[in-house]
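Worksheet for the structure shown next.
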Amino acid sequence: MKISIIGTGYVGLVSGACFSEYGFDVTCVDNNADKVASLDRGEIPIFEPGLEALVAHNKQAGRLSFTSDIAAAVAGCDAVFIAVGTPERSEDGNADLSFLWQAVDEIADNLTAGTVVVTKSTVVVGTSAKIQAKIAAKRPELDFSMASNPEFLREGSALEDFMRPNRVVIGVHDERGREVMEHIYRPLSVRDAPLMFTSLQDAELIKYAANGFLAMKISFINEIADLCEKVSGNVQDVARGIGLDNRIGPKFLHAGPGYGGSCFPKDTKALAAMGRDHGSPIQLIEKVIEINDKRKPQMAERVLAGVGDPKGKVAAVLGIAFKPNTDDIRDAPSLTIIPLLQEAGLKIRASDPEAIDNAKAELPGVEWFENEYEAAEGADVLVILTEWNAYRGLDLERIKQHMRSPVIVDLRNIYPPGELAGTGFSYSSIGRPTLEQ
Ligand code: NAD
């Protein structure tokens with residue numbers, strides 16, 4: 001089985017590494033020549049636990065290679081996966097498919113007979129059918145199949161998610177598409193990952209509906225957290241109490257600064273735009289977007305409330321990445337909250353185990369520290385913005401000695417408030433009682 005993957009980002013590289021681990025012959029293509037060169041040198045351009053070793057192992061075994069030569073990579077493949085970015089289109093919130101159409105143009109010229117073209121990128125409903133029509137128009141003689149195979153992996157646990165998925169959704173158009181995709185995913189299905197075959201458009205819709213639903217759960221618990229604060233409740237107990245109900249489930253019920261990252265913000269907006277475009281507005285998702293957009297400024301206000309007059313004051317921010325175990329900062333809450341704190345007059349000293357290099361250009365004026373204790377030096381407030389494990393067991397006595405005022409604003413609820421009792425810290429978190437000094 002010969003597979004090419006167009007786009008070697010978080011999804012393309014993880015998919016390529018995992019497919020090659022199952023013994024397939026995989027070529028990862030990217031039009032960013034620097035990225036290809038660094039992958040050829042064995043350098044992984046992103047941080048994802050376990051990925052470096054998996055790539056090295058399969059490269060060495062001769063099953064995984066990298067190139068910018070799309071023509072050579074695509075010819076003779078059983079399947080060509082498209083995994084390029086589909087970011088938000090600034091005009092209307094819909095998905096920007098320009099990278100995808102460029103990739104389709106390039107592969108169309110070089111496909112050989114019998115290949116299945118697979119959309120792995122998250123694309124608006126109807127896109128796979130349009131890709132099929134476009135290739136057919138360009139190459140009327142070509143016998144090819146079309147499939148849609150949206151990806152559900154989470155950054156930070158991408159390998160585990162890819163290799164042990166809850167399900168694999170595969171939209172197909174013909175029998176060959178189904179057979180080839182069944183073959184590719186057989187190593188996963190024998191591990192009890194259900195393969196679900198649907199139409200092309202249902203596969204596309206499943207991806208957006210899943211992300212929209214998860215974003216809705218997050219916004220729901222964030223609003224419950226706000227209510228908890230008004231009535232001296234504890235959102236973690238409430239979340240546990242509802243999450244133990246099988247009909248609800250415990251996941252995505254962690255109150256925090258609002259969802260961010262490379263998927264939920266853009267996918268909720270694209271889902272809402274899709275609903276509007278088709279005359280079927282998805283009002284719940286429209287509201288979720290509004291709630292989430294308002295949440296980040298509210299979090300900045302919360303930090304400012306912790307310092308009083310911001311003039312001459314310093315905030316130490318721990319965590320920039322949108323979630324732990326990734327260096328991805330796309331649409332991270334930090335990118336909205338930190339500039340608002342700076343605008344209000346706070347100086348920012350910040351740290352993150354993996355995201356500093358990516359963050360430097362996005363957050364001008366921030367002083368960067370590898371070490372969280374150094375970041376805390378002279379700070380009037382310590383803000384926990386990403387729940388990295390390294391922040392869960394901080395030596396709080398040592399942090400306090402570095403700070404000018406012992407104030408912690410924990411936007412991820414990583415400490416039980418009781419643990420801070422008697423330490424001299426003021427500690428506020430999300431949807432839980434505040435601890436005064
Ligand atoms: P990414 O930005 O990390 O990677 C995209 C890659 O495609 C880049 O390396 C870029 O150089 C390359 N590229 C763009 N146009 C190209 C072309 N014409 N030819 C060759 N290469 C090209 O994106 P990502 O995070 O991997 O996301 C890819 C898709 O997967 C998106 O649609 C996204 O919504 C979806 N997705 C992402 C995640 C995630 O956690 N990142 C999870 C599930 C689904």
Side-chain angles (χ1 to χ4, degrees), residues 4-18 27-39 44-49 51 66-74 80-89 94-110 117-125 127-128 131 148-162 165-169 203-204 206-212 214-215 259-271 321-332 358:
S4 273
I5 301 184
I6 317 300
T8 310
Y10 285 86
V11 166
L13 185 55
V14 168
S15 307
C18 291
T27 307
C28 287
V29 184
D30 207 286
N31 60 1
N32 179 338
D34 291 343
K35 197 178 250 194
V36 171
S38 66
L39 283 160
I44 305 294
I46 54 173
F47 174 75
E48 181 60 45
L51 187 58
F66 303 97
T67 183
S68 289
D69 185 350
I70 204 164
V74 160
V80 173
F81 285 77
I82 302 172
V84 299
T86 50
E88 181 185 336
R89 190 163 66 192
N94 218 323
D96 173 357
L97 299 180
S98 54
F99 298 112
L100 176 117
W101 290 123
Q102 191 195 341
V104 169
D105 259 342
E106 288 163 359
I107 62 175
D109 292 332
N110 299 289
V117 176
V118 189
T119 328
K120 194 163 245 328
S121 300
T122 302
V123 294
V124 296
V125 62
T127 304
S128 299
I131 295 173
S148 166
N149 171 219
E151 183 50 59
F152 299 95
L153 64 77
R154 296 161 300 168
E155 289 175 19
S157 51
L159 302 191
E160 176 70 11
D161 288 349
F162 195 93
N166 293 159
R167 81 304 202 186
V168 178
V169 173
E204 292 163 341
I206 286 167
K207 174 65 193 176
Y208 279 108
N211 275 1
L214 294 172
Y259 60 77
S262 60
C263 290
F264 285 1
K266 76 172 178 72
D267 290 351
T268 45
K269 285 181 193 154
L271 178 57
F322 84 94
K323 64 190 278 194
N325 295 325
T326 183
D327 59 353
D328 198 344
I329 60 163
R330 287 178 281 185
D331 266 320
N358 286 343

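These values consider heavy atoms only, across backbone and side chains, with no hydrogens, waters or symmetry-generated copies. All ligand and atom numbering here is 1-based and tracks the order in the structure.
The 4.0 Å heavy-atom shell around ligand 1 contains residues I6, G7, T8, G9, Y10, V11, D30, N31, N32, K35, A83, V84, G85, T86, F99, Q102, A103, E106, S121, T122, E151, L153, E155, K207, S262, C263, K266, R330, ordered by chain and number.
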Please tabulate, for the side chains in residues 66-73, all donor-acceptor contacts under 3.5 angstrom to protein atoms that are two or more places apart in sequence or on a different chain.
unit_1 : atom_1 : unit_2 : atom_2 : d
T67    : OG1    : D69    : N      : 2.9
S68    : OG     : D30    : O      : 2.9
D69    : OD1    : A71    : N      : 3.3
D69    : OD1    : A72    : N      : 3.2

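Scored by the side chain to side chain contact (heavy atoms under 4.5 Å, CB included) test, P150 finds S148, F152, V169, A203, K207 as partners (sequence neighbours excluded).
Side-chain contact between I107 and I82: present, with at least one pair of heavy atoms (C-beta onward) separated by less than 4.5 Å. Two residues are said to be in side-chain contact when any heavy atoms from C-beta on lie closer than 4.5 Å; F81 and E151 fail this criterion.
For the residue pair T119 and S128, a side-chain donor N or O sits within less than 3.5 Å of a side-chain acceptor on the partner.
Here salt bridge (charged side-chain N to carboxylate O under 4.0 Å, His left out) pairs that include residues 96-105, with residues two or more places apart or in two chains, are D105-K134, D105-K138.
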